[in-house]
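One structure is given here, and the rest of the page talks about it.
Keep in mind the model is a prediction, meaning the values are calculated, not measured. In listed order, ligands and their atoms are each counted from 1. Count residues from 1 along the sequence.
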Amino acid sequence: MPHSLPAKLSTALASIMLLASPFTSSASNDIEQRVDELLAKMTLAEKAGQMNQYNGFWEVTGPAPAEGDAKNKYEHIRTGMVGSVLNITGTKDVRATQKLAVEGSRLGIPLIFALDVIHGHQTVFPIPLAEAASWDLNAIEKSARIGAIEASARGINWTFAPMVDISRDARWGRVMEGAGEDTFLGQKVAVARVRGFQGDDLTDIDTIAATAKHFAGYGFGEAGREYNRVDVGTNTLYNMILPPFKASVDAGVASVMNAFNTLNGIPATGDVFLQRGILKGAWDFNGLVVSDWGSGKEMMQHGFAKDLKHAAQLGVTAGSDVDMESYMYVKHLEALVNEGKVDIALVDDAVRRILRLKFKLGLFDDPYKYINEEREATLLGHADHMAAALDVAKRSIVLLKNQGNLLPLSKTSGKIAVIGDFADDKNSPLGSWRFGSIDNSAVSLLEGLAKYRDDIEFAQGVKVVTGEESFVQEITVNQTDATGIDEAVALAKKSDVVVMLLGEHGFQSGEGRSRTDLGLPGLQQEMLEAVYAVNPNIVLLIASGRPLALPWAAEHIPSIAATWQLGSQSGNAISEVLFGDYNPSGKLPVSFPYNVGQMPLYYNRMNTGRPIDKDSNVFWSHYSDSPSEALFPFGHGLSYTQFDYSKLSINADDPAKVDVSVTVKNVGKRAGEEVVQLYMHDKVASVARPIKELKGFEKIELEPGATKTVNFTLDSSKLGFFDREGNWIVEPGEFDILVGSNSREGLTGQFTLSMK
Ligand code: NOJ
């Protein structure tokens with residue numbers, strides 16, 4: 001029992017547990033045996049209860065269901081009809097709710113408490129896309145670790161993260177929640193996050209169960225429209241979409257969430273092929289599958305289930321173990337089994353998975369173990385956590401352009417103006433998905449800059465968002481009121497350098513935030529051009545949760561940096577980069593386009609049969625009115641120093657692997673970090689391969705003048721691909737290599753893979 005519980009209550013609870021749950025006194029520590037013992041005691045209704053997950057009573061992260069009134073939910077928890085809950089946080093409420101289940105229900109099975117811990121908790125880290133731009137796996141793991149420490153201090157033991165969906169369409173709002181467009185980077189980031197959340201041991205009170213989501217294909221919604229259908233072939237499914245899930249499973253992720261979308265006509269929640277065939281079959285996943293919010297009942301809207309009972313049948317048959325907010329199992333599972341429509345073995349399998357996780361979390365040994373008021377009082381927003389958030393935030397900033405070395409700014413001379421509605425905003429930098437955060441708690445850009453200089457002048461310029469800033473309601477953008485532009489222009493005129501923070505509000509990306517325009521929202525472009533007309537010395541900072549299309553800015557503005565939504569320490573992180581106390585090291589995890597018409601855009605595209613303009617006529621794969629490539633490519637990011645690449649060496653003598661090495665030298669005047677990237681192209685294969693694919697990267701740090709040799713090994717796990725049946729194959733033949741500082745530039749080489 002936790003020491004924070006009064007002794008009398010501890011004793012009372014202990015005896016309740018002993019009486020109600022003889023399994024806790026089982027001599028055996030073996031989880032499987034304990035699961036089986038408990039399962040044998042459960043009625044069918046209690047089994048269905050374990051598969052039922054309710055939303056808490058205040059936070060809402062989906063459409064509020066009519067049936068979801070608090071009174072029913074309390075009663076259901078008390079009678080063992082609920083196995084887990086989401087959106088109940090804080091030791092007080094978690095304890096009260098857990099008490100209902102443990103003391104009220106016949107078997108006293110504890111609840112699991114889930115929450116979307118996406119990028120930190122009270123200490124808010126950069127949005128996941130931004131963190132991916134750091135390409136710093138240790139920093140990313142630490143971010144998830146701290147998210148787990150803080151959330152667990154509020155009684156949470158399960159997060160619905162990481163989102164490992166690959167996303168190649170910037171119109172989709174949830175690009176912000178993933179690791180970007182690349183599968184290799186996506187796998188590495190997924191593993192780092194799973195490790196961070198789960199630590200070494202799930203029974204530790206500061207670790208929480210992770211969820212790889214959304215299985216599968218959710219990031220490929222047609223036209224980037226939220227919840228839209230996904231139609232992809234096996235090539236994309238096996239080679240692009242599934243690997244980050246597989247990597248998560250291999251890293252021991254406790255759960256997988258299925259998805260709202262249909263995949264090739266089948267709602268993911270009812271997809272036998274995905275959940276039973278691949279996840280629980282081929283991959284032998286023994287964790288649990290949770291539905292997305294109401295995705296069970298949405299099978300009716302999809303035109304796949306005829307009613308809620310049918311949805312329940314389809315869900316359990318397909319292997320969707322926990323029903324979040326559809327009420328379908330708790331209402332219909334008993335009847336379905338009794339009528340012979342659902343095999344009890346399927347129900348038992350689902351319940352086993354749920355109980356297994358509860359045992360792994362240690363909840364049966366102490367259902368109140370995560371409820372610790374002392375941790376709650378001391379850990380949230382801890383100074384060490386803030387320091388880590390600042391560290392990741394700096395690493396996440398991507399310097400896209402720096403003509404004439406306008407950056408870094410001088411700490412002492414020159415008049416600096418700051419312009420932009422977001423510059424004094426303490427809320428937007430917290431980004432989307434930020435439960436546990438305190439509104440308006442981020443360090444604003446102005447506050448960060450003030451630590452360096454006290455003579456900076458500020459003009460807000462045009463308002464970007466009018467009305468409510470809300471996670472659940474649409475954001476309204478100011479399209480008409482140009483007030484503020486004159487003031488901004490006047491300030492720019494009398495300044496030497498103008499720092500402009502423009503872009504999207506944190507709630508313009510995230511779930512339900514698909515957009516068809518990737519330019520600067522509202523009147524910001526107009527303001528940018530007006531300011532440029534009087535003072536072209538502009539440092540443009542882009543706030544966004546997705547790639548924006550800024551071709552005019554890329555052509556005219558001398559210095560541009562992607563500053564995303566960077567969380568609690570946003571203003572401090574940006575200021576350190578602007579004044580050169582941190583040398584930027586981020587690289588784009590997504591391609592930045594010229595225009596929205598290029599979507600979906602990604603570097604690892606196919607060659608097509610007509611890739612180049614040989615005859616200068618129109619019959620080749622291109623756009624007539626736009627470049628076909630990215631404006632800023634995947635992997636791109638500058639530093640205040642320069643790196644020289646030399647001595648690319650490739651050794652393919654060993655048929656089992658290819659060794660590649662390259663020498664990188666810091667030829668500039670400052671210490672800096674570089675992400676050395678290796679791309680590979682399998683020139684001829686039985687299934688045509690992309691023109692290049694990331695297969696390795698290493699982030700290195702070099703003092704001025706210093707040199708480092710970076711080694712990569714391409715073994716069979718990197719040299720092959722999935723064929724149309726989902727088999728991994730490695731084929732002999734010729735390969736191209738590119739090793740460099742982004743997906744476009746570097747040293748090139750070739751090798752021939754000869755098989756034994
Ligand atoms: C819907 C989202 O798609 C999912 O990612 C999230 O975990 C749930 N809502 C719960 O908030």
Side-chain angles (χ1 to χ4, degrees), residues 52-65 68 83-89 112-121 127-129 144 147-148 151 156-167 172-179 190 193-194 197 208-221 224-228 230 244-245 248 253-263 267-269 288-299 301-302 320-327 431-437 470-472 507 509-514 545:
N52 183 31
Q53 178 174 102
Y54 279 160
N55 180 51
F57 313 117
W58 45 96
E59 294 277 19
V60 170
T61 50
S84 52
V85 290
L86 76 149
N87 294 337
I88 296 179
T89 53
I112 316 184
F113 291 82
L115 186 76
D116 293 283
V117 183
I118 307 292
H119 50 114
H121 189 63
I127 56 169
L129 182 67
I156 296 303
N157 25 58
W158 185 13
T159 177
F160 298 135
M163 187 187 99
V164 304
D165 297 309
I166 298 300
S167 42
W172 191 46
R174 293 189 87 167
V175 168
M176 59 77 52
E177 203 181 331
R193 290 196 199 286
V194 169
F197 288 128
I208 58 180
T211 307
K213 69 187 188 184
H214 305 83
F215 198 66
Y218 182 45
F220 281 68
R225 183 157 61 79
E226 184 66 285
Y227 314 131
N228 210 358
V230 176
F245 288 97
S248 305
V253 74
S255 68
V256 168
M257 183 184 287
N258 53 39
F260 291 124
N261 56 280
T262 55
L263 178 70
T269 309
L288 69 83
V289 176
V290 58
S291 82
D292 204 341
W293 178 298
S295 65
K297 68 180 175 201
E298 287 176 18
M299 289 195 279
Q301 271 77 28
H302 281 299
S320 184
D321 304 313
V322 174
D323 165 24
M324 182 198 298
E325 281 291 298
S326 284
Y327 305 84
S432 199
W433 288 115
R434 29 169 283 189
F435 306 119
S437 72
S470 158
F471 174 66
V472 289
F507 285 134
S509 59
E511 186 177 350
R513 265 49 193 267
S514 295

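Nearest approach of Arg174 to Met163, heavy atoms of both residues: O-CE, 3.2 Å. Heavy atoms only, all atoms of each residue included: Ile112 and Asn157 are closest at CG2-OD1, 3.0 Å. Between Ile118 and Pro128 the shortest heavy-atom distance is CG2-CG, 3.8 Å. The nearest pair of heavy atoms linking Arg434 to Phe507 is NH1-CZ, 3.7 Å.
Looking at ligand 1, you'll find an N or O of Lys213 within less than 3.5 Å of one of its N or O atoms. In terms of N/O distances under 3.5 Å, ligand 1 is approached by Asp116. For ligand 1, the polar-atom distance check finds no N/O of Trp293 at less than 3.5 Å from any of the ligand's N/O atoms.
Residue contacts with ligand 1 for Glu511 involve side-chain atoms from C-beta outward but no N, CA, C or O (heavy atoms, distance under 4.0 Å). Contact annotation: for Arg174 versus ligand 1, heavy atoms closer than 4.0 Å belong to the side chain alone. Residue Asn87 does not touch ligand 1, judged by heavy-atom distances below 4.0 Å.
Near Phe260, with a cut-off below 4.0 Å to any heavy atom, the atoms of ligand 1 are 1 (C), 3 (O). Listed by number with element, the atoms of ligand 1 under 4.0 Å from a non-hydrogen atom of Phe160 are 7 (O). Every atom of ligand 1 with a heavy atom of Asp292 under 4.0 Å away is listed here by number and element: 1 (C), 2 (C), 3 (O), 4 (C), 6 (C), 8 (C), 9 (N). Every atom of ligand 1 with a heavy atom of Leu86 under 4.0 Å away is listed here by number and element: 10 (C), 11 (O).
Checking Glu325, His214, Met163, Gln53 against atom 5 (O) of ligand 1, the nearest heavy atom belongs to His214.
A side-chain donor from one of Ser255 and Thr211 sits under 3.5 Å from a side-chain acceptor of the other. Under the 3.5 Å distance criterion, with hydrogens and angles disregarded, no donor-acceptor pair is assigned to the side chains of Trp158 and Ser84.
Distances from ligand 1 to the non-hydrogen atoms of Met257 include at least one value under 4.0 Å. Residue contacts with ligand 1 do not include Glu177, since none of its heavy atoms lies under 4.0 Å from the ligand.
The aromatic rings of Trp172 and Tyr218 sit perpendicular, their planes meeting at an angle over 60°, well past the 30° parallel limit.
Proximity of Met176 to Arg513: side-chain heavy atoms (C-beta onward) are nowhere separated by under 4.5 Å.
Between Val117 and the choices Trp433, Phe197, Phe435, the side-chain contact (heavy atoms from CB on, under 4.5 Å) rule is met once, by Phe197.
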